[in-house]
Each structure stands twice: as C-alpha cells, then as structure tokens.
Peer 1: 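This is the structure I have questions about; it appears just below.
Residue numbers run from 1 in the order of the sequence given.
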Amino acid sequence: YLIDHAAFRSRCCIIVSRAQYSTVYDHNEKVMKTCKKMGIKTVAVHSDVDANAVHVKMADEAVCVGPAPTSKSYLNMDAIMNAIRQTGAQAVHPGYGFLSENKEFAKRLAAEGVSFIGPDTHAIQAMGDKIESKLIAKAAKVNTIPGFDGVVKDADEAVRIANEIGYPVMIKASAGGGGKGMRIAWNDEETREGFRFSSQEAASSFGDDRLLIEKFIDNPRHIEIQVLADKHGNALWLNERECSIQRRNQKVVEEAPSTFLDPETRRAMGEQAVSLAKAVNYSSAGTVEFLVDSRKNFYFLEMNTRLQVEHPITECITGLDLVQQMIRIAKGFPLQHTQAEIPINGWAIESRVYAEDPYKSFGLPSIGRLSQYQEPLNLHNVRVDSGIEEGSDISIYYDPMISKLVTYGATRAEALKKMEDALDNYVIRGVTHNIPLLREIIVHPRFISGDISTKFLPEVYPEGFKGHQLTATGRKELLATAASLFVAAQLRAQKFLGDLRVSNTQQERRSWELCVELEKGVHMLGVSRSGATYTVEIDGDKLEVSSDWNLASPLLTVTLNGIHRTLQCLSRNAAGEISLQYLGTTFKLRVLSKLAAALSVHMPEKVPEDTSSILRSPMPGTVVAVSVKAGDTVAEGQEICVIEAMKMQNSMTAAKTAKVRSVHCKPGETVGEGDLLVELE
C-alpha cells in the first residue's frame with residue numbers, strides 16, 4: 001500500500017482536499033510532492049473556481065465537488081465521498097482546515113474502509129472540542145488557563161461568566177482554529193459584541209457556534225510544540241515553534257526554535273505535549289499550542305489535530321518530512337526515531353505572504369489576478385510553499401494566503417538575513433500584499449533581540465503600520481536610484497535597437513539636472529554618467545549608483561556606494577512618475593527635468609474626497625448585516641454595517657455623529673474595495 005513503492009505504486013491513491021487557507025495557497029502541493037516521492041498516485045478535489053489551481057494540475061486526477069461557497073464544496077462531505085468512490089481512493093489527506101479536524105468525516109471514511117491520514121475520531125473529537133480538550137489536559141496534568149469549562153449559552157451568560165473570571169477574557173469558538181471566532185473583551189459591552197461576532201464566525205467557518213470563555217493572559221508568547229505519534233504507543237516532541245507575531249489572532253511570522261526557551265522549559269513543554277497526545281491515544285502529526293508568560297510559565301491553549309501551516313520550519317531544523325511521517329503512521333508503521341535522535345539543527349523562519357493591505361488593520365484582504373509572479377527560489381536555503389502561479393486569481397471565497405516563505409541558516413542571524421533577501425526578491429504584481437509589513441518585522445530591533453509577544457504589532461505600531469520610515473541615508477539612496485533609473489530609461493528610449501542607419505555622430509549627453517519629488521519633499525539633483533555608473537549629487541553628498549539597468553526585469557539590483565540593494569520598479573510613465581519597492585515598502589516618486597519642474601507648478605491639483613461623510617468598504621467581501629436606514633441618526637463609532645471577508649467579520653462604524661442620508665448596500669450583497677456603503681449628511 002505505502003512505503004514499499006515498487007509493490008504498491010499502481011494501487012495507491014490519495015484524494016487531497018483543498019486547504020482552508022485559500023484559493024491561492026494550498027499546502028496540498030507539499031502533499032502531492034511527498035506522494036510522488038513515495039510513488040503514490042493522487043486525486044485532488046476542488047471547487048469550480050479552483051479548476052485551474054496548482055494542486056489540481058499536479059494531481060493524477062481531479063474531481064470538482066461543487067461551487068465556490070465552502071458549504072457547497074470543501075465542506076460538502078457527500079460530494080467528497082462520491083469523489084472517493086468514483087476514483088477508488090484508498091486514503092485521504094485532508095489538508096489544513098475544513099474537514100481536517102471533522103470527526104464525522106473521519107467516521108464516514110472509516111465506514112467505507114478508506115484510511116484517514118490523521119488521528120482517529122476519538123482524538124479528533126476530544127482535542128477538537130476546546131472544552132473537552134481542556135478537561136482532558138487537566139487530567140493529564142498539563143498546565144491550563146483559568147476559565148469556564150462549559151458552553152456559553154448567550155450574551156448575558158457570557159457577561160456573567162466574564163465578570164466571575166475577571167477581565168480581560170478571551171471568547172473563542174469551541175470547534176475553532178486559525179484565529180476564526182476569537183475575540184478579546186475588556187468590558188461587558190465588548191463581551192456582548194464579541195459573543196455575537198464569534199458565534200457568527202464560528203458557525204460560518206466550522207458549522208458549530210458553541211463558545212467558551214477563559215482568562216486572557218495579557219502580553220504572552222504563543223509557542224507551540226510539534227508532536228508525532230504512531231499506533232504503537234510511541235510519541236515524540238519535535239521541538240517548538242515561536243508563533244507570537246500575530247494579527248487578529250492569526251500568525252504572521254514564525255520561527256524555530258524559540259529565542260525564549262531554555263532546555264529545561266523546552267523539555268517540560270515537550271513532555272506535557274506528549275502526555276496529552278498519549279491521553280487520547282493520538283496517532284499522527286499534531287500540534288499542542290501554549291501561551292507562555294514572561295516568567296516562562298506555560299499554559300495549554302489547544303491542540304490542532306492536523307498538519308500546521310508553519311510545519312516547514314520544524315522540517316528544516318529536524319530534517320523530517322512530516323507529510324511522509326503522517327502517511328507512514330496512517331499505514332500502521334512505527335516511528336523511525338527516538339526522542340534522543342530529534343535534533344535542533346540551525347534556525348528556520350517562516351513569513352506568511354498574504355494578499356492583504358498591511359496598512360489597513362495590519363492586513364485586510366485584497367483580491368485580483370496575479371499579473372506577474374516570481375518566487376525567490378534562486379536564493380540558497382529558501383523554500384516557498386505555494387499553490388499559485390502567474391495568472392492565478394485571488395478571490396473573496398477563501399483565505400488570502402499566497403505562500404509560506406521559509407529561510408534557513410546555521411544561525412538565527414543568517415536565517416534573518418536570508419529572509420530579507422528573499423522578501424526583496426519576491427515579485428508579486430496584481431494584488432496588494434503584506435511584504436512591506438513582513439520586511440519591517442524581521443529587521444525591527446525588538447524582533448531581532450527576541451523581545452516579542454502576541455502584542456508585538458500593536459505595541460510597535462500603535463497608530464497602525466505606516467511602512468518603512470526613511471532615514472536620511474535611505475532617502476538619498478532612494479532618490480539617487482530613481483534619478484539614475486530615469487536617466488537610464490531616457491537613454492534607452494533614444495536608441496533604435498539593431499538599426500544601424502541612425503547617425504551616431506551626435507555627442508551623447510553626460511550630465512543632467514533633475515528635480516525629484518518624494519513624500520511631499522522636492523530635491524534638486526545633479527546626475528553625471530560614466531558607462532553603467534551614475535554619480536548623483538544630493539545636498540552636497542555624492543552617491544555612485546551602478547547596475548546593469550535591465551529595464552525589462554521586475555528586479556533592479558543596484559550598488560549604492562558599495563552597498564548592494566535589490567529594489568523593484570513597480571511602474572514608471574512618461575510623466576516621470578516612478579514607483580519603487582525599497583526595503584519592502586513602495587515609494588512613489590516623480591522625476592522631472594529642471595524645465596518640466598518649473599512648468600509643473602502651474603498644473604491644478606486634485607482636491608481630495610471628504611471621507612468623513614461617506615463610508616466605503618475597506619476590502620472586498622459580503623455584506624452580512626446593515627444596522628441603519630436612511631434618516632437614522634448615528635453616533636461616532638456606532639456600527640453601520642458588517643462586512644465578511646475570508647470568513648472574518650468586520651464591523652464598519654461611523655466616523656462622526658450625523659444623520660444617514662442614504663444606504664447603498666444590503667445584506668447578502670458582494671462589495672468591492674472602495675465601494676460606497678453609506679452616505680451621511
């Protein structure tokens with residue numbers, strides 16, 4: 001069946017369902033690669049909008065299981081079971097989400113004699129229910145967070161329980177995960193609102209609106225232990241992953257190992273994680289998540305009975321292929337290693353690259369088509385797990401993850417430097433992405449020193465993320481690059497490639513006086529050229545800028561006074577407007593000749609729109625509820641409507657106290673980014 005490749009190559013088939021985490025990203029590519037390596041044939045299931053997805057193209061067979069809405073496709077057990085029967089699949093790897101932790105699905109597979117590549121139904125049920133898992137953890141002598149060990153019935157009971165526990169509290173879905181259905185409440189009003197949103201998100205994402213409440217540990221670290229257990233009573237802990245950099249309870253940057261843990265704490269956490277796995281007779285790869293306070297006290301948070309998005313960093317430091325281990329365990333083979341044989345070799349960092357606008361609440365979803373896409377695989381020790389390619393569409397139906405960008409080094413400093421280079425060389429066009437935020441996180445002094453917690457982003461950026469803040473040196477580097485690029489483009493435009501009839505007698509120009517506008521500042525620059533090197537004079541300082549000046553390439557590799565930089569020219573036009581991605585952040589510049597700059601002052605300026613009287617959708621999504629009608633008076637901060645995007649509900653509020661003039665949306669409608677929702681008088 002498995003492992004003995006030659007004997008079973010023709011008979012083995014795995015049907016791989018789509019990951020919850022996107023129409024764009026899908027770890028099933030990793031499953032496909034591992035299966036091919038093991039000689040196993042694969043079948044992919046997909047919704048109709050994912051017919052051209054990468055995982056579909058990689059599979060030996062593919063079956064459409066319904067339209068885009070998850071309830072009609074990836075959560076449609078009947079359709080998936082039919083696909084299994086139709087193709088004769090012998091095993092199922094469920095991916096990251098949706099049915100990966102659904103005990104009913106596992107039961108139906110068992111009834112059909114199909115292997116589920118994951119734990120058995122008892123473990124899924126016990127650990128998938130946060131209430132039951134907490135009770136089991138207590139019995140297994142695992143440290144747990146104080147809280148209410150039952151189901152919260154309604155908002156009134158939620159308020160009562162929250163007051164008994166003491167604020168702040170965490171309201172979260174009993175069957176949840178991935179940050180869905182989770183809210184922090186600091187008072188009674190936030191508890192009522194959190195109960196409403198969490199229950200709605202939980203029902204939408206998991207088909208289960210049960211909630212629990214527990215004490216919120218302020219300013220903790222989120223550290224998880226990877227476990228691996230077989231069907232023979234053997235279990236291992238494969239070290240930890242530091243997952244504290246989060247937004248909206250969803251991880252953004254992870255690393256392995258953690259800078260915070262000492263060997264004793266690591267061992268204690270690992271042993272408790274294994275105890276919990278053994279308490280439910282766990283068999284497969286799983287993750288036990290802990291909150292760790294500043295004194296290294298740790299508390300059980302939840303157990304994910306599936307492969308985690310961030311599993312590659314564990315693979316990097318241990319050398320184990322977790323998907324291969326899951327397949328072996330599902331077949332019934334014992335573990336190949338002992339605890340003493342599990343190493344920590346080097347350091348690995350993972351950045352979750354999302355199609356999101358990081359300037360809006362650290363990341364609101366973006367949709368569109370990838371007009372240009374180039375992964376930085378030319379760099380050594382860089383791994384990109386993605387399920388998209390150039391031309392792929394990113395829609396509103398699924399989570400907007402593009403890829404997992406992983407870098408590895410012998411030391412943490414080496415892995416971080418590699419991540420800087422990888423992010424600078426990652427080309428993504430057609431959608432807004434979060435590379436500016438990722439690039440800033442990994443070079444921030446607090447992150448480099450390891451001084452992080454789950455509140456890192458709001459503490460470091462209390463006014464929201466604003467992009468890279470230019471230093472005086474950085475500003476000069478950017479200005480010099482833009483000026484040199486402008487001149488290089490002008491010189492290229494004057495040449496006729498391959499046309500020898502054009503006279504070359506005219507003396508080629510060697511110097512220029514330019515005016516460059518950047519961030520409302522105007523700078524006069526002198527530029528002189530010698531071959532492929534430009535000398536740019538800015539405020540008395542001279543910078544030498546050299547490059548091959550390949551204007552057709554999305555990447556612009558330049559040397560500035562001996563320092564190597566990789567920038568990206570996102571756009572440029574005849575009006576001198578240039579968009580450059582520098583150190584992750586996009587900067588808009590305008591380069592003009594001295595004459596053009598003098599004339600531009602006579603051009604009229606566009607008056608910006610008054611946004612205080614209108615509410616526009618900050619993201620593409622679906623209108624879930626509209627709380628006002630024309631003629632109503634709303635107070636500043638009052639909820640006007642709720643937009644759901646990628647299974648997360650977002651409350652839209654009034655910017656001022658005013659009367660509602662008109663409402664331009666209704667529940668159930670799909671809206672795009674920037675669409676007008678409500679007008680105020």
Peer 1: Is there a donor-acceptor contact under 3.5 Å from the side chain of N187 to the main chain of E190?
Peer 2: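 Yes, the answer is positive, given that a donor and an acceptor are paired below the 3.5 Å cut-off.
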Peer 1: What distance do S366 atom OG and D357 atom CG have between them, rounded to the nearest 0.5 Å?
Peer 2: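 Output value for this atom pair is 7.5 Å.
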Peer 1: Any heavy-atom pair between the side chains of R439 and L583 that's under 4.5 Å?
Peer 2: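 L583 reaches R439 side chain to side chain.
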Peer 1: Please walk me through it: do Q638 and T657 pass side chain to side chain contact (heavy atoms under 4.5 Å, CB included)?
Peer 2: CA-CA 9 Å; Q638 180 179 332; T657 300; over 6 Å; no
Peer 1: Can we say K656 and E636 salt-bridge, meaning some charged N sits less than 4.0 Å from an Asp/Glu carboxylate O?
Peer 2: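 So K656 does not pair with E636 through a salt bridge.
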Peer 1: Measure the shortest side-chain to side-chain distance between F300 and Q272 over non-hydrogen atoms and say whether it is less than 4.5 angstrom.
Peer 2: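 The answer is no; the side chains never approach within 4.5 Å.
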Peer 1: Measure from the side-chain N and O atoms of D293 to the backbone N and O of F298, and report whether any donor-acceptor pair falls under 3.5 Å.
Peer 2: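 Judged by distance alone, no pair lies under 3.5 Å.
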Peer 1: Contact between L423 and L405 at the side-chain level, heavy atoms closer than 4.5 Å - yes or no?
Peer 2: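 They are in contact (side-chain heavy atoms under 4.5 Å apart), so the answer is yes.
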Peer 1: Can you measure from CZ (F447) to CG (L416) and round to the nearest 0.5 angstrom?
Peer 2: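 CG of L416 is found 5.5 Å from CZ of F447.
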Peer 1: Could you report the tightest heavy-atom contact between S651 and F197, atom names first, then the distance?
Peer 2: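 The pair with the smallest heavy-atom distance is CB-CZ, 3.8 Å.
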Peer 1: Just checking, is any N or O donor in the side chain of N434 or Y359 under 3.5 Å from an acceptor N or O on the other one?
Peer 2: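 Distance-only check fails for N434 and Y359.
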Peer 1: Check R352 against L438 and note the closest heavy-atom contact, atom names and distance.
Peer 2: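 Closest heavy-atom pair between R352 and L438: O-CD1, 3.6 Å.
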Peer 1: Kindly indicate, with the supporting measurements, whether the criterion salt bridge (charged side-chain N to carboxylate O under 4.0 Å, His left out) is fulfilled by E255 and R241.
Peer 2: CA-CA 6 Å; E255 61 181 308; R241 293 186 290 257; over 6 Å; no
Peer 1: Under 4.5 Å between any side-chain heavy atoms of I225 and N239, yes or no?
Peer 2: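 A side-chain contact is absent here, since even the closest heavy-atom pair is not under 4.5 Å.
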Peer 1: Is the closest side-chain heavy-atom distance between M182 and R248 below 4.5 Å?
Peer 2: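 Of all side-chain heavy-atom pairs linking R248 with M182, none is under 4.5 Å.
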Peer 1: Is K466 paired with E440 through a side-chain N to carboxylate O contact shorter than 4.0 Å?
Peer 2: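 Here E440 does not pair with K466 in a salt bridge, since their nearest N and O are not under 4.0 Å apart.
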Peer 1: Can you check whether L470 reaches F587 side chain to side chain, under 4.5 Å on heavy atoms?
Peer 2: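 In short, these two side chains touch, coming nearer than 4.5 Å.
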Peer 1: So which heavy atom on S284 is nearest to which on Y282, and how close?
Peer 2: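 So the two residues come closest at O-CE2, 3.4 Å.
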Peer 1: Do the side-chain N and O atoms of S403 and Y426 include a donor-acceptor pair separated by under 3.5 angstrom?
Peer 2: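 The answer is yes; a qualifying pair exists.
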Peer 1: Would E101 and T305 count as a side-chain hydrogen bond (donor to acceptor under 3.5 Å, both in side chains) if you check the C-alpha gap in whole Å, the side-chain angles of each, and the deciding distance to 0.1 Å?
Peer 2: CA-CA 6 Å; E101 297 178 283; T305 58; 3.3 Å; yes
Peer 1: Provide the closest heavy-atom pair for L680 versus A658 in the form atom of the first, atom of the second, distance.
Peer 2: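 Scanning both residues completely, I find the closest heavy atoms to be CB-CB, 4.1 Å.
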Peer 1: Would you call R183 and E201 a salt bridge, using N to O less than 4.0 angstrom?
Peer 2: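 So R183 pairs with E201 through a salt bridge.
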Peer 1: Roughly how far apart are K666 NZ and C641 SG, rounded to 0.5 Å?
Peer 2: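 One gets 14.5 Å once the value is rounded to the nearest 0.5 Å.
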Peer 1: Tell me whether K404 contacts the main-chain N or O of V309 through its side chain, where contact means a donor paired with an acceptor under 3.5 Å.
Peer 2: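 Looks like yes, one N/O pair under 3.5 Å.
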Peer 1: Does a donor on one side chain and an acceptor on the other come within less than 3.5 Å for D188 and N163?
Peer 2: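 The answer is yes; a qualifying pair exists.
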Peer 1: For residues 131-140, which residue pairs qualify under salt bridge (charged side-chain N to carboxylate O under 4.0 Å, His left out), counting only residues two or more places apart or in two chains?
Peer 2: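 The answer is K134-D149, K134-E214, K138-D149.
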Peer 1: Check whether Q226 reaches the backbone of G286 with its side chain - one donor and one acceptor, N or O, closer than 3.5 Å.
Peer 2: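 Checking the backbone N and O of G286 against the side chain of Q226, a donor-acceptor pair under 3.5 Å is found.
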Peer 1: Check the side chains of Y398 and T70 for a donor-acceptor pair under 3.5 angstrom, ignoring hydrogens and angles.
Peer 2: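 Short answer, no.
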Peer 1: Assess whether ring-ring contact (aromatic ring centres under 6.0 Å, His included) is satisfied between F105 and F98, documenting all intermediate values.
Peer 2: CA-CA 10 Å; F105 183 55; F98 290 139; over 10 Å; no
Peer 1: So how far is it from E164 CD to E157 CD, rounded to the nearest 0.5 Å?
Peer 2: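 Reported to 0.5 Å precision, the distance equals 9.0 Å.
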Peer 1: Within the side chain of H444, is there an N or O that forms a donor-acceptor pair under 3.5 Å with the backbone of I441?
Peer 2: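 No, because the side chain of H444 does not come within donor-acceptor range (under 3.5 Å) of the backbone of I441.
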Peer 1: Which heavy atom in S47 sits nearest to a heavy atom in P67, and how many Å separate them?
Peer 2: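 Here S47 and P67 meet closest at CB-O, 3.6 Å.
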Peer 1: With a 4.0 Å cut-off, would you call R616 and E673 a salt bridge?
Peer 2: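 Looking at E673 together with R616, the answer is no, because their closest N to O distance does not fall below 4.0 Å.
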Peer 1: Could you give the distance from CZ (R221) to CD (E242), rounded to the nearest 0.5 Å?
Peer 2: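 It comes to 5.0 Å.
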Peer 1: Would you say the side chain of V678 lies within less than 4.5 Å of the side chain of I614, judging by non-hydrogen atoms?
Peer 2: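 When only atoms from C-beta onward are counted, V678 and I614 do not touch, as no gap falls below 4.5 Å.
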Peer 1: Would you call K172-E302 a salt bridge at under 4.0 Å N-O?
Peer 2: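 Salt bridge flag = no for E302 with K172.
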Peer 1: Using modelled atom types and a 3.5 Å cut-off, is there a donor and acceptor pairing between side-chain atoms of R661 and backbone atoms of G631?
Peer 2: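 No; judged by distance alone, with no hydrogens or angles, the pair does not exist.
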Peer 1: More than 12 foreign heavy atoms under 6.0 Å from NZ of K141: is that the case here?
Peer 2: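 Atom NZ in K141 is not packed in, count stays at 12 or less.
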Peer 1: So, do I184 and W186 sit near enough that their side-chain heavy atoms are less than 4.5 Å apart?
Peer 2: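 When only atoms from C-beta onward are counted, W186 and I184 do touch, with a gap below 4.5 Å.
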Peer 1: Check the side chains of N304 and Q308 for a donor-acceptor pair under 3.5 angstrom, ignoring hydrogens and angles.
Peer 2: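 The answer is yes; a qualifying pair exists.
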Peer 1: Does G363 offer a backbone N or O that forms a donor-acceptor pair with the side chain of S361 under 3.5 Å?
Peer 2: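 No.
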Peer 1: Does D393 reach the main-chain N or O of S395 with its side chain, forming a donor-acceptor pair under 3.5 Å?
Peer 2: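 Judged by distance alone, no pair lies under 3.5 Å.
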Peer 1: Thinking salt bridges, do K251 and E289 make one under a 4.0 Å N-O criterion?
Peer 2: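 Looking at K251 and E289, the cut-off is met.
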Peer 1: As a quick check of understanding, evaluate side chain to side chain contact (heavy atoms under 4.5 Å, CB included) for Q649 and I643, giving each step before the final call.
Peer 2: CA-CA 6 Å; Q649 296 197 356; I643 306 292; over 6 Å; no
Peer 1: Between the main-chain N or O of C243 and the side-chain N or O of Q246, is there a donor-acceptor pair closer than 3.5 Å?
Peer 2: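 Yes, because the side chain of Q246 sits within donor-acceptor range (under 3.5 Å) of the backbone of C243.
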Peer 1: Checking E669 against T622 for the side chain to side chain contact (heavy atoms under 4.5 Å, CB included) test, could you report, in this order, the C-alpha distance in whole Å, the side-chain angles of both residues, the deciding distance, and whether it holds?
Peer 2: CA-CA 6 Å; E669 279 188 346; T622 302; over 6 Å; no
Peer 1: Step by step, would you call E679 with K659 a salt bridge (charged side-chain N to carboxylate O under 4.0 Å, His left out)?
Peer 2: CA-CA 9 Å; E679 285 185 277; K659 183 178 285 188; over 6 Å; no
Peer 1: Closest heavy-atom contact between V624 and P667?
Peer 2: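 Nearest heavy atoms, V624 then P667: O-CB, 3.7 Å.
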Peer 1: Got a second to check how far E240's CD is from T265's OG1, nearest 0.5 Å?
Peer 2: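 OG1 of T265 is found 10.0 Å from CD of E240.
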Peer 1: Output, in order, the C-alpha distance, side-chain angles, deciding distance and verdict of side chain to side chain contact (heavy atoms under 4.5 Å, CB included) for M269 and I223.
Peer 2: CA-CA 10 Å; M269 292 176 71; I223 299 177; 4.0 Å; yes
Peer 1: Are more than 12 heavy atoms from other residues, nucleotides or ligands located less than 6.0 Å from atom CD of E681?
Peer 2: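 Yes.
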Peer 1: Where the side chain of S351 meets the backbone of V253, is there a donor-acceptor pair that is under 3.5 Å apart?
Peer 2: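 Looks like no, no N/O pair under 3.5 Å.
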